[in-house]
Amino acid sequence: MFRKAHFLFTILCAGSTTTIMVLMSLLYLRVSEHNLQDNYFSSFQKDIGTIVSGLEQSTYVSIQWLSGLEARNSYLIYVIDNDKPFLYNTLKDTLSHGFDDSSGQSLLMESLSIFHSRFEVETIVSPNNSYFGIDHFEYQFTSSVTGEPYYSSLIDLKRNQTHSQIVILNPLTHLQAQITRQRLLFAMLDLIAAVVFCVFSWLFTGKLLKPLQQNHENQIQFIAAASHELRTPLSVILASSECCAHATAEEQTGFFHTIRKEGIRMNTLINDMLTLAHSDANRFLVERKNAELDTLCTNAYEAFEPLCRQKHLTLSLTLPEVPLPRCLCDPERIAQVLSILLHNAVSYTPEGGQVALSLTYSQERKTAYEIIVSDTGIGISDAEKKQIFNRFYRAEKSRSTKGHFGLGLSIAYDIVTAHHGKITVHDNVNGGSVFIVQLPR
Ligand code: ADP
């Protein structure tokens, strides 16, 4: 499920960023190509302007001047003198640009026909006219002969009785090549960026989904462990109730006792699970009041003292000699923590052992209050110390202890954390364990 979600999130993330990027680069390309074409056309017009001013100053058009112009600018130039092709339009020139004579002529005809379709020019010159006039027209067309685009200029020259037309063609192969290069570059950059986005999205969404996945796995483990724990008392209850039907009155009392005991066990487990479920859903209710921690410790001591006596354990209580400032906490929850720690200390300490409960206070410490529960019991190995606060964790040696589900310390941990405090476990120098609960002022 998470793998599929990871994959989909990656596609969504990378897909949306790549689409935005491609759209932006297409927009940029369009503007840039437009500017490039504009610049190219302006520079062509400028060149034509220079040629026209050259023509204005000279009395005739020489072949050397025309061939120099062609060579310098890679232009194709055709001259029509009084409606007849000028001597200059030779095979040599058209071949130098890759056309044979006939295709050169066709190109010229095509350019002229496009010119006539777009512009209207007076071409008749009266025989007695001493008029001098020069006009030029620039336009773009794509040749059906060569299949290539051209900028074309027609310079219309009327001088005395002669009428010349100079057609200058600028093949746009350079511009096309530049545009193609730019498009390829952008396509390559887009492709690289798309790959980078994919990798980044995969890592990013993976990181994002990790806590969710962990949570989901924890939930599955929790449900599996909870069902396992509930199944044991439930099967005992079912078996006992079935046996009740054929049992004697005396036996029935025994079965009822077992059913009640297992029912209480289930009730405790369900309450613990509900507490943790509330904590997981961030609905852990902490009702803070000004509480006297020393009173809470005394109450806990009094509650566990009979049990310790019964188990032949020594239970001691050490409180500060001076009265303590009240602690802003949920007294019921803190009492629950004390009960969990003392219950564990009593459960995991063999007969004749010692359990000690103490409370210290120091204004200098950030966590001013410290509740310490120590015992001289079986102790906790370093490997176990890392796991005991996990849900349903029970050390192998304590599995046989009935009424222990491995939830107590996780509940204690959640309560203390909700109070912005800290709970830690250490080895007792006399053997056994020491649990320290630190609470802020
Ligand atoms: P449980 O209900 O099994 O005691 P806890 O969450 O309270 O669950 O404790 C988890 C495990 O930590 C216990 O199963 C036990 O192995 C270990 N543990 C807790 N307290 C002590 C202690 N005082 N001495 C030794 N082991 C302890």
Side-chain angles (χ1 to χ4, degrees), residues 218 221-222 224-233 261-262 264-280 284 297 300-301 303-305 307-308 311-317 333-358 370-418 421-437:
N218 287 349
Q221 271 176 18
F222 186 84
S227 342
H228 178 79
E229 292 296 339
L230 281 171
R231 206 185 305 133
T232 320
K261 208 175 72 193
E262 292 304 316
I264 292 170
R265 201 163 115 80
M266 277 178 81
N267 191 37
T268 315
L269 176 59
I270 288 167
N271 281 342
D272 284 357
M273 279 170 26
L274 279 177
T275 309
L276 287 171
H278 279 134
S279 161
D280 283 349
F284 204 81
C297 287
Y301 170 81
F304 276 87
E305 212 271 327
L307 185 66
C308 286
K311 273 199 78 178
H312 304 289
L313 298 173
T314 315
L315 177 64
S316 64
L317 171 69
R333 296 280 186 201
I334 298 299
Q336 196 179 354
V337 173
L338 287 176
S339 163
I340 290 167
L341 296 181
L342 285 171
H343 190 235
N344 279 348
V346 173
S347 303
Y348 302 114
T349 307
E351 274 191 17
Q354 286 157 18
V355 177
L357 170 64
S358 61
E370 263 190 16
I371 301 169
I372 303 159
V373 177
S374 65
D375 62 60
T376 54
I378 56 174
I380 302 168
S381 70
D382 287 343
E384 284 166 2
K385 279 192 193 96
K386 290 185 189 130
Q387 305 197 58
I388 51 171
F389 296 103
N390 293 344
R391 273 121 212 241
F392 286 108
Y393 177 79
R394 278 182 292 169
E396 240 3 91
K397 56 197 176 217
S398 59
R399 289 225 167 254
S400 53
T401 323
K402 277 225 163 191
H404 285 262
F405 304 107
L407 292 181
L409 286 180
S410 0
I411 294 174
Y413 180 88
D414 284 1
I415 293 175
V416 175
T417 311
K422 233 171 129 185
I423 179 164
T424 47
V425 60
H426 310 270
D427 289 328
N428 192 348
V429 277
N430 305 321
S433 333
V434 182
F435 283 87
I436 302 177
V437 175

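Start at 1 and go down the list; that is how both ligands and their atoms are numbered.
Taking every heavy atom of both residues into account, Val346 and Cys308 meet most closely at CG2-SG, 3.7 Å.
Taking the six-membered ring for Trp and thresholds of 30 and 60 degrees, Phe389 and Phe435 have ring planes more than 60 degrees apart, a perpendicular arrangement.
Each of the atoms 25 (C) of ligand 1 lies under 4.0 Å from some heavy atom of Gly379. Taking a cut-off of under 4.0 Å to the non-hydrogen atoms of Ile388, the atoms of ligand 1 that pass are 6 (O), 10 (C), 11 (C), 12 (O), 17 (C). Near Phe435, with a cut-off below 4.0 Å to any heavy atom, the atoms of ligand 1 are 20 (N), 23 (N). Counting atoms of ligand 1 from 1 in the listed order, those under 4.0 Å from a heavy atom of Gly406 are 1 (P), 2 (O), 3 (O), 6 (O), 8 (O).
Heavy-atom distances between Gly377 and ligand 1 stay at or above 4.0 Å for every pair.
Annotation: side-chain hydrogen bond (donor to acceptor under 3.5 Å, both in side chains) contacts of Lys385 (sequence neighbours excluded): Asp382, Asp427. In this structure Glu305 satisfies the side-chain hydrogen bond (donor to acceptor under 3.5 Å, both in side chains) test together with Arg309, sequence neighbours excluded.
Environment of OH in Tyr413: sparse, with no more than 12 heavy atoms of neighbouring residues, nucleotides or ligands closer than 6.0 Å.
In Leu407, the part holding a heavy atom less than 4.0 Å from any atom of ligand 1 is the backbone. Proximity of Leu409 to ligand 1, defined as any heavy-atom pair under 4.0 Å, is shared by backbone and side chain alike.
For atom 26 (N) of ligand 1, the choice among Thr349, Ile380, Asn390 with the nearest heavy atom turns out to be Ile380. Considering Thr376, Asn344, Val355 only, the shortest heavy-atom separation from atom 7 (O) of ligand 1 involves Asn344.
Two residues are said to be in side-chain contact when any heavy atoms from C-beta on lie closer than 4.5 Å; Leu409 and Leu341 meet this criterion.
Atoms OG1 and NE2, from Thr349 and His312 in turn, are 14.5 Å apart once rounded to the nearest 0.5 Å. If you take CG on Leu269 and CD1 on Ile264, they are separated by 14.0 Å, rounding to the nearest 0.5 Å.
Where the criterion is an N or O separation shorter than 3.5 Å, residue side chain and backbone included, Ile378 fails it with respect to ligand 1. Checked against a 3.5 angstrom limit, the closest N/O atoms of Asp375 and ligand 1 fall inside it.
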